[in-house]
Amino acid sequence: MDLLELIVEYHKDSERQGPGSVETTLKALSYIPHLNEKTKIIDIGCGTGGQTITLAKNTVSQITAIDLLPQFLEKLTKKAEENNLKDRITVKEMSMDRLTFEEESFDVIWSEGAIYNIGFENGLSLWRKYLKNNGYIAVSEISWLTDNRPEEIESYWANEYSEIDTIKNKLSVIKRCGYNNVAHFILDSRCWMENYYHPLLEKAEDFLKKYNYAPDAKKFIEEFIIEADMYDRFKNYYSYVFYIAEKR
Ligand code: SAH
């Protein structure tokens with residue numbers, strides 16, 4: 001059984017595949033001026049499209065949503081149909097490190113809980129050319145909230161995502177990649193617990209049963225439980241942070 005299959009099966013029926021909330025998406029959106037019918041937004045690593053639907057419902061703009069996993073995109077397509085938003089949401093299977101759009105195609109780049117897949121700095125650099133001049137980027141990225149952390153959480157994240165860094169250093173990376181920082185804010189624990197970990201942890205037992213407690217499935221769930229426990233114990237030290245910046 002491969003890991004990708006487990007990821008798809010565990011996550012495809014969820015509203016979100018990472019920490020976040022409707023309120024968070026709307027708050028980030030509030031920093032982006034002049035959104036109109038002609039505005040083109042790309043949602044990168046959209047997953048099953050929780051934030052895509054929020055963006056579509058709260059703007060009049062055109063949205064292209066891309067993700068690597070077709071099973072997630074199917075869910076988004078269904079949601080777009082159910083919400084009568086099909087005319088403004090275009091769904092495409094594509095890898096975020098090999099976007100096939102023309103340069104300067106978009107006014108806004110959106111990406112929640114996904115840029116880490118190719119690295120924050122790499123993603124910001126790669127994506128910049130697809131933004132029009134003075135276009136905006138709104139991206140959430142896991143960040144340290146304090147200058148010092150307990151060794152246990154420090155080494156956990158060094159292993160899981162070594163690019164995790166302080167907000168101050170993330171803001172420098174954004175600047176270095178050719179954007180001016182506009183705003184940033186920290187996602188609260190509801191975004192992680194109520195909206196992400198809790199609904200998934202509730203499904204863990206049924207999921208294991210479905211796979212007959214196969215070792216790969218058990219390992220997958222165990223790692224997820226450890227991640228959730230780390231957050232529970234060390235949430236004062238890290239969170240997702242939403243960064244909003246303008247192309248310079
Ligand atoms: N934005 C969604 C999903 C976040 S999870 C939410 O917040 O709920 C990260 C997403 O990135 C997953 O849907 C995963 O399939 C996608 N992903 C991972 N690697 C990718 C890649 N190379 N290109 C495009 N999408 C990728």
Side-chain angles (χ1 to χ4, degrees), residues 2-29 41-58 63-80 83 89-101 106 108-127 130 137-143 160-161 163-164 185-200 203 220 223-224 227-228 231 239-244:
D2 77 320
L3 181 61
L4 208 56
E5 183 194 332
L6 294 172
I7 292 173
V8 166
E9 283 306 310
Y10 196 45
H11 290 277
K12 74 175 166 46
D13 296 319
S14 299
E15 180 60 25
R16 9 188 11 107
Q17 286 71 43
S21 69
V22 172
E23 295 74 25
T24 300
T25 300
L26 293 181
K27 183 168 179 183
L29 194 59
I41 303 175
I42 181 167
D43 183 4
I44 301 180
C46 61
T48 61
Q51 74 288 317
T52 320
I53 298 293
T54 302
L55 290 172
K57 280 185 177 166
N58 292 279
I63 304 169
T64 303
I66 72 119
D67 200 279
L68 202 55
L69 298 177
Q71 299 92 332
F72 290 174
L73 295 174
E74 271 169 39
K75 298 279 173 178
L76 170 54
T77 302
K78 223 176 259 162
K79 279 187 225 169
N83 288 282
I89 298 178
T90 307
V91 173
K92 284 205 172 93
E93 186 182 329
M94 197 182 287
S95 183
M96 61 172 78
D97 59 355
R98 263 167 283 129
L99 299 177
T100 57
F101 302 100
F106 298 101
V108 178
I109 292 177
W110 205 271
S111 186
E112 294 196 26
I115 196 171
Y116 75 90
N117 284 294
I118 58 167
F120 189 64
E121 179 153 14
N122 183 36
L124 289 177
S125 306
L126 279 179
W127 297 349
Y130 300 102
I137 185 161
V139 58
S140 69
E141 164 80 343
I142 199 156
S143 311
E160 294 296 318
Y161 182 54
E163 224 179 303
I164 186 171
F185 60 91
I186 299 167
L187 274 64
D188 64 22
S189 75
R190 215 169 38 85
C191 294
W192 291 79
M193 287 303 205
E194 279 83 341
N195 295 353
Y196 182 59
Y197 287 136
H198 286 169
L200 282 163
K203 292 184 196 167
F220 175 74
E223 283 171 1
F224 186 75
E227 189 197 308
Y231 178 75
S239 186
Y240 264 98
V241 174
F242 229 122
Y243 296 96
I244 298 96

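When a ligand or atom number is given, it counts from 1 through the structure's own listing order. Residue numbers count from 1 along this sequence.
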Could you walk me through whether Glu141 and Tyr161 pass the side-chain hydrogen bond (donor to acceptor under 3.5 Å, both in side chains) test, one step at a time?
-> CA-CA 11 Å; Glu141 164 80 343; Tyr161 182 54; 2.7 Å; yes
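The residue from Asn117, Asn195, Leu99, Thr48 that puts a heavy atom closest to atom 11 (O) of ligand 1 is Asn117. Among Gln51, His11, Arg16, the residue whose heavy atom sits closest to atom 2 (C) of ligand 1 is Gln51.
In this structure, the separation between OG1 on Thr48 and CG on Asp13 is 9.0 Å, given to the nearest 0.5 Å. Taking CG from Leu73 and NZ from Lys78, the interatomic distance works out to 12.5 Å, rounded to the nearest 0.5 Å. Atom SG of residue Cys46 and atom CG of residue Leu69 lie 9.5 Å apart, to the nearest 0.5 angstrom.
Looking only at atom types and distance, the side chain of Thr52 has no donor-acceptor partner in the side chain of Lys79 under 3.5 Å away.
When only interatomic distances are considered, the shortest N/O to N/O separation between Glu15 and ligand 1 does not fall below 3.5 Å. Where the criterion is an N or O separation shorter than 3.5 Å, residue side chain and backbone included, Glu112 meets it with respect to ligand 1. Note: an N/O pair closer than 3.5 Å links Gly45 and ligand 1 by distance alone.
Interface of Leu69 with ligand 1, defined as ligand atoms under 4.0 Å from a residue heavy atom, comprises 15 (O). Against a heavy-atom cut-off of under 4.0 Å, Gly18 is close to the following atoms of ligand 1: 8 (O). Of all atoms in ligand 1, numbered sequentially from 1 with element shown, those under 4.0 Å from a heavy atom of Gly113 are 4 (C), 5 (S), 9 (C). Residue-ligand proximity, Cys46 to ligand 1, at heavy-atom distances under 4.0 Å covers atoms 1 (N), 2 (C). Against a heavy-atom cut-off of under 4.0 Å, Met94 is close to the following atoms of ligand 1: 23 (N), 24 (C).
Side-chain atoms of Asn122 never come within 3.5 Å of backbone atoms of Ser125 as a donor-acceptor pair (strictly under, hydrogens ignored).
Aromatic rings from Trp192 and Tyr240 are positioned such that their centres are separated by under 6.0 Å. Between Phe101 and Trp127, the distance separating the two ring centers is not shorter than 6.0 angstrom.
Protein heavy atom closest to atom 25 (N) of ligand 1, with residue, atom name and distance, is Leu68 N, 3.3 Å. Closest to atom 8 (O) of ligand 1, if we only count protein heavy atoms, is Gln17 N, 2.8 Å. Scanning the protein for heavy atoms near atom 22 (N) of ligand 1, the closest one is Ser95 OG, 3.1 Å. Summary of contacts: the protein heavy atom closest to atom 16 (C) of ligand 1 is Asp67 OD2, 3.3 Å. The single protein non-hydrogen atom nearest to atom 21 (C) of ligand 1 is Met96 CG, 3.5 Å, given as residue, atom name and distance.
Minimum interatomic distance between Gln51 and Arg16 (heavy atoms only, all atoms of both residues): OE1-NH2, 4.1 Å.
A cation-pi contact links Lys27 to Phe185, judged by a cut-off of 6.0 Å to the six-membered ring centre and 45° from its axis.
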